[in-house]
Amino acid sequence: MLRIALECENGGNNNNNGGSNGSSSNKMKLLDEPLWTMYCNGKKTGYGVKREATAEDLQVMELLKPVSMGAGVLPGNAETEGVEGELAYMRAFFERVVGSKDSETFYMLSPEGNNGPELTIFFVRV
């Protein structure tokens with residue numbers, strides 16, 4: 001099982017009400033936050049930044065449109081990425097659970113209905 005937690009700070013473009021209890025009048029949607037710290041199975045592994053999809057991103061999404069569920073590797077562009085420029089992908093059904101305005105979780109559900117999710121992605125604003 002893989003657990004990914006993406007954590008962002010309650011600050012920056014957010015409007016804090018100045019209270020000491022940590023609550024805020026945050027009007028930004030959680031998934032619109034621009035900067036995230038990433039943890040994989042409890043270990044800090046890097047950062048994520050929200051960005052607009054590039055033309056290459058849109059091309060990959062178009063290639064994967066007929067895939068409803070599965071994982072695999074797409075060949076890369078050998079001219080720009082070299083021989084090793086392959087792209088791994090995974091398409092699956094995720095159940096979304098909204099805990100509050102500061103937390104959401106996506107659970108990847110197995111079509112066989114096995115023992116719980118194999119991948120869980122947590123979004124938390126602290």
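We count residues from 1, following the sequence as given.
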For the student: nearest non-hydrogen atoms of R125 and K101, plus distance: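 Scanning both residues, the minimum pair turns out to be NH2-O, 2.7 Å.
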For A92 against M69, the heavy-atom pair lying closest together: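 In this case the closest contact between A92 and M69 is CA-CG, 4.2 Å.
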Working to the nearest 0.5 Å, report the span between [atom1] of [X] and [atom2] of [Y].
{"X": "I4", "Y": "T105", "atom1": "CD1", "atom2": "OG1", "result": "12.5 Å"}
{"X": "Q59", "Y": "L74", "atom1": "CD", "atom2": "CG", "result": "10.0 Å"}
{"X": "E7", "Y": "E33", "atom1": "CD", "atom2": "CD", "result": "11.5 Å"}
{"X": "M108", "Y": "M1", "atom1": "CE", "atom2": "CE", "result": "11.5 Å"}

Transitive ILVMFWY side-chain link L2 to F94, under 4.5 Å: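 Yes: a chain of side-chain contacts under 4.5 Å links L2 to F94.
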Hphob cluster co-occupancy, L31 + L6, side-chain heavy atoms under 4.5 angstrom: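 Yes, L31 and L6 fall within the same hydrophobic cluster.
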Which residues pass the salt bridge (charged side-chain N to carboxylate O under 4.0 Å, His left out) test with [X], sequence neighbours left out?
{"X": "K50", "value": "D32"}
{"X": "E52", "value": "none"}
{"X": "K43", "value": "none"}

Those residues that, when tested against S68, pass side-chain hydrogen bond (donor to acceptor under 3.5 Å, both in side chains) (two or more places apart):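 For S68, no residue satisfies side-chain hydrogen bond (donor to acceptor under 3.5 Å, both in side chains) once neighbours in sequence are set aside.
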L119 and M90: CA distance, side-chain angles, deciding distance, side-chain contact (heavy atoms from CB on, under 4.5 Å) verdict: CA-CA 11 Å; L119 170 64; M90 179 178 60; 3.4 Å; yes
R96 (side chain) donor-acceptor with E104 (main chain) under 3.5 angstrom: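 No: the side chain of R96 does not pair with the backbone of E104.
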Under 3.5 Å: donor-acceptor pair, side chain of D102, backbone of V124: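 A pair under 3.5 Å: no.
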Residues which pass ring-ring contact (aromatic ring centres under 6.0 Å, His included) with F123, listed by chain and number, not counting sequence neighbours: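 F123 satisfies ring-ring contact (aromatic ring centres under 6.0 Å, His included) with W36, F106 only.
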Pairwise side-chain contact, L30 with V98, heavy-atom cut-off 4.5 Å (strictly under):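 Counting from C-beta outward, L30 and V98 never come under 4.5 Å.
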Candidate pair L87 and E56, rule side-chain contact (heavy atoms from CB on, under 4.5 Å), full reasoning: CA-CA 12 Å; L87 174 69; E56 186 177 359; over 6 Å; no
Hydrophobic cluster (4.5 angstrom, side-chain heavy atoms) - remaining members for V49: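 V49 clusters with L35.
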